Amino acid sequence: MKRIAARLKPRPLPPVSPPCSSPQPPASVSASSLLSEFTKLCNQQDFPRAMKALDDLETHELRADPAVYSDLLKACLSRRAVPLALRLQSHILSSPHSPHTFLLNMLLSIYVKLRLLPQARSLFDEMPQRNVVSWTTIISAHANVPELSHNALHFLVSMLCHGVTPNMFTYSSVLRACGCVSHLVQLHSSIYKHGLESDVFVRSALIDAYSKWGLPQEALCVFDEMPTGDLVVWNSVIAAFAQNSNGHEALHLFKRMKRAGFDPEQSSLTSVLSACTSLALLELGRQAHVHVFKYHQDLILNNALLDMYCKCGGVDDANIIFTRMADKDVVSWSTMIAGLAQNGYSREALKLFDSMKNSSTRPNYITILGVLFACSHAGLVEDGWSHFRSMKKLYGIEPGREHYACMLDLLARAGKLNKAVELINEMGFEPDGAMWRTLLDGCRAHKNVDLAMHAAEQILKLNPQDAGSYILLSNIYANAGRWDDVAGIRKVMNEKGIKKQPGCSWIEVGKQIHTFVLGDGSHPQINEIKIQLESLIQRLVRAGYVPDLNFVLKDLEGEEQREDSLRYHSEKLAVVFGLMNLPKGQTIRIRKNLRICGDCHLFVKLATKLEKRTIVIRDPIRYHHFHDGACSCGDYW
DNA sequence: TTAGGGTTAG
């Protein structure tokens with residue numbers, strides 16, 4: 001055996017021989033020629049003869065040589081030859097020199113790589129001996145399948161019970177399978193106990209796990225304990241903040257990473273773009289775009305770029321990038337469809353969906369959400385119904401909670417409130433607060449007090465502190481002249497200490513973010529802004545602007561006071577600040593935390609005409625592109 | 001023979 005192994009190593013494989021006329025190998029066959037024959041038959045995908053060649057190894061008593069089996073196993077993996085792998089398994093298990101744990105681990109790994117989990121489980125159960133590699137392989141295999149990941153932890157417990165000590169490979173695998181924070185903390189503690197916390201793989205896995213559970217600060221603690229740098233660990237911690245809606249910290253860490261001497265690459269840039277997206281930082285996003293050119297073929301990075309332009313009001317740039325992308329996947333299409341819809345281009349979004357149907361990319365759950373969103377925000381009730389009713393039949397996608405929520409939005413906006421209630425009744429699951437809130441919004445717009453009361457009641461059962469619902473209901477009562485009910489709501493809010501979330505707007509000027517909050521006079525230029533705002537309002541009034549007091553909580557006393565509460569809505573302050581500080585011709589881009597009210601919408605429309613400016617306002621749901629007295633939403637939002 | 005980072009909704 002040793003001689004055979006020695007011959008196999010230094011010598012190149014002999015040339016491939018022509019196909020055998022006889023199924024029997026020559027009597028004096030060598031291990032290398034058998035291997036060569038086997039490889040050739042695998043290449044030809046002639047599995048029956050390859051298996052026969054494999055049996056010949058046994059005839060020539062070659063089967064116990066680990067080097068031969070190792071090469072054969074590699075051939076199985078590269079050619080995805082599953083029947084051969086199974087035949088090899090029985091050869092190895094029946095070998096007189098069993099247990100051959102090394103070879104069986106290799107085979108186990110091959111099954112996992114070929115996504116043959118049942119075969120991997122079966123082999124794992126049959127293995128005469130299992131070492132840390134065997135356990136780690138089976139743990140990793142389960143950790144990678146979300147619906148089976150809980151088994152990964154069971155295997156870890158079983159491994160410990162069998163007296164096998166986990167290593168850094170084991171922990172970095174099992175961390176992906178944490179089903180709750182307490183498991184994560186226990187694993188973290190075990191990692192310390194085994195002295196594995198400084199392994200960079202374990203560290204990045206810990207950071208990812210804390211991030212996944214919404215604990216980026218804990219991820220940062222793990223990161224900060226790192227004595228030496230590692231690019232992946234940097235990328236993990238940046239992603240932890242980008243994915244947990246803390247774009248500022250993500251960008252701060254990105255700067256730290258560059259100062260530490262690391263060159264950003266695809267993963268870092270993707271997180272930076274994601275941070276720019278969440279903060280609506282178009283100019284910074286454009287700077288990141290320059291670095292993306294280096295990796296222009298990277299699909300994920302391009303998708304992040306598309307999303308950044310769509311969500312930062314640069315939908316035209318997104319369109320150009322999308323058209324030029326050589327490869328597009330379902331994320332690219334979904335991003336662009338939703339992006340067009342959110343920016344007021346619903347019909348273009350639906351046209352793009354038609355193009356997608358003609359492409360080789362199949363829509364997924366999220367694509368359909370974008371399509372329904374497009375219908376909802378353009379009042380296309382029939383199109384929406386059609387897509388909703390056919391999604392399962394055409395694409396095999398069962399309508400989920402979010403699809404129902406979109407349909408409710410579509411119906412409620414369009415004033416089809418009874419249909420919306422019917423849909424709630426047929427959903428097959430309990431409506432959540434957001435769904436009732438959608439209905440409540442529709443009730444306000446279409447003045448249905450009774451249904452509004454029912455919807456508000458349901459929301460407050462689910463979340464008794466929901467200030468928005470109290471305000472909406474109060475406004476609905478006020479519109480109906482039910483002042484006693486308005487007073488009752490205000491009393492309940494006071495008693496429970498419920499306060500409306502203050503409106504807040506952000507605008508980027510000179511690489512700095514300026515924040516405006518309703519009722520907050522802390523901005524250094526606030527006095528000048530208020531003077532300019534007064535002047536603008538007067539000019540707008542002369543041009544026909546009448547403040548719409550329907551958007552004020554109606555229990556405020558007196559018209560003047562009501563008007564004041566509208567006058568200083570944060571987006572109005574931000575618009576005036578933009579007009580004062582951004583050069584003429586430059587688009588004013590504002591992000592805000594609440595949806596824009598009807599009065600501000602009218603104010604901004606008229607201001608764009610009077611000041612000859614384009615203004616883009618992004619609220620939590622969609623984007624309003626104001627230009628020359630009109631808005632891309634067509635006043636339907 | 002076993003392990004790491006990035007994109008679409010909400």
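By convention in this document, chain letters (A, B, ...) are assigned in the order of the sequence lines, proteins followed by strands, and residues within each chain are numbered from 1. Only a predicted model underlies this, so the values are computations on that prediction, with no experimental measurement involved.
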Of the residues in residues 319-336 of chain A, which ones touch DNA chain B at a heavy-atom distance under 4.0 Å?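 Under 4.0 Å from DNA chain B: A:Val331, A:Ser334, A:Thr335.
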Among [options], which is the nearest nucleotide to the side chain of [X]?
{"X": "A:Ile300", "options": "B:dG6, B:dA9, B:dT2", "answer": "B:dG6"}
{"X": "A:Ser140", "options": "B:dG10, B:dA3, B:dT1", "answer": "B:dA3"}
{"X": "A:Phe201", "options": "B:dA3, B:dG6, B:dT1", "answer": "B:dA3"}
{"X": "A:Lys74", "options": "B:dG4, B:dA9, B:dT1", "answer": "B:dT1"}
{"X": "A:Ile366", "options": "B:dA9, B:dT7, B:dA3", "answer": "B:dA9"}
{"X": "A:Ser109", "options": "B:dT8, B:dA3, B:dT1", "answer": "B:dT1"}

Between A:Asp307 and A:Thr277, do the side chains contain a donor N or O and an acceptor N or O under 3.5 Å apart?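 A:Thr277 vs A:Asp307: no donor-acceptor pair found between side chains.
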Polar side chain donor-acceptor pair, A:Asn105 to A:Ser134, under 3.5 angstrom: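 Present: a donor and an acceptor within the cut-off.
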Could you tell me the separation between the [atom1] atom of [X] and the [atom2] atom of [N], rounded to a whole number of Å?
{"X": "A:Phe124", "N": "B:dT2", "atom1": "CZ", "atom2": "P", "result": "15 Å"}
{"X": "A:Leu369", "N": "B:dA9", "atom1": "CG", "atom2": "P", "result": "9 Å"}
{"X": "A:Phe262", "N": "B:dG4", "atom1": "CZ", "atom2": "P", "result": "20 Å"}
{"X": "A:Phe223", "N": "B:dG4", "atom1": "CZ", "atom2": "P", "result": "20 Å"}
{"X": "A:Leu231", "N": "B:dG6", "atom1": "CG", "atom2": "P", "result": "13 Å"}
{"X": "A:His100", "N": "B:dT1", "atom1": "NE2", "atom2": "C1'", "result": "14 Å"}
{"X": "A:Lys311", "N": "B:dT8", "atom1": "NZ", "atom2": "C1'", "result": "7 Å"}
{"X": "A:Glu265", "N": "B:dG4", "atom1": "CD", "atom2": "P", "result": "16 Å"}

[Y] ring center within less than 6.0 Å of [X] ring center:
{"X": "A:His248", "Y": "A:Phe241", "answer": "no"}
{"X": "A:His403", "Y": "A:Tyr365", "answer": "yes"}
{"X": "A:Phe169", "Y": "A:Phe201", "answer": "no"}

Hey, does [X] reach any base, or is it just sugar-phosphate, or nothing, if we go heavy atoms under 4.0 Å?
{"X": "A:Leu269", "answer": "nothing"}
{"X": "A:Gln243", "answer": "sugar-phosphate"}
{"X": "A:Leu301", "answer": "base"}
{"X": "A:Val200", "answer": "base"}
{"X": "A:Ala239", "answer": "sugar-phosphate"}
{"X": "A:Asp298", "answer": "base"}
{"X": "A:Val233", "answer": "base"}

According to the interplanar angle, ranging from 0 to 90°, do the rings of A:Phe155 and A:Phe124 count as parallel (below 30°), tilted (30 to 60°) or perpendicular (above 60°)?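 It falls in the perpendicular class, over 60°.
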Pairing residues for A:Asp317 by the salt bridge (Lys or Arg N to Asp or Glu O under 4.0 Å) criterion, not counting sequence neighbours: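 Salt bridge (Lys or Arg N to Asp or Glu O under 4.0 Å) list for A:Asp317, sorted by chain: A:Arg286.
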Distance-only donor-acceptor test, A:Asp230 side-chain atoms vs B:dG4 base atoms, 3.5 Å: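 Indeed, a donor on one side and an acceptor on the other fall under 3.5 Å apart.
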Crowded around A:Glu147 CD? As in, over 12 foreign heavy atoms under 6.0 Å?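 Yes.
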Taking only N and O in the side chain of A:Lys113, is any of them less than 4.0 Å away from OP1 or OP2 of B:dT1?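 For B:dT1, neither OP1 nor OP2 has a side-chain N or O of A:Lys113 closer than 4.0 Å.
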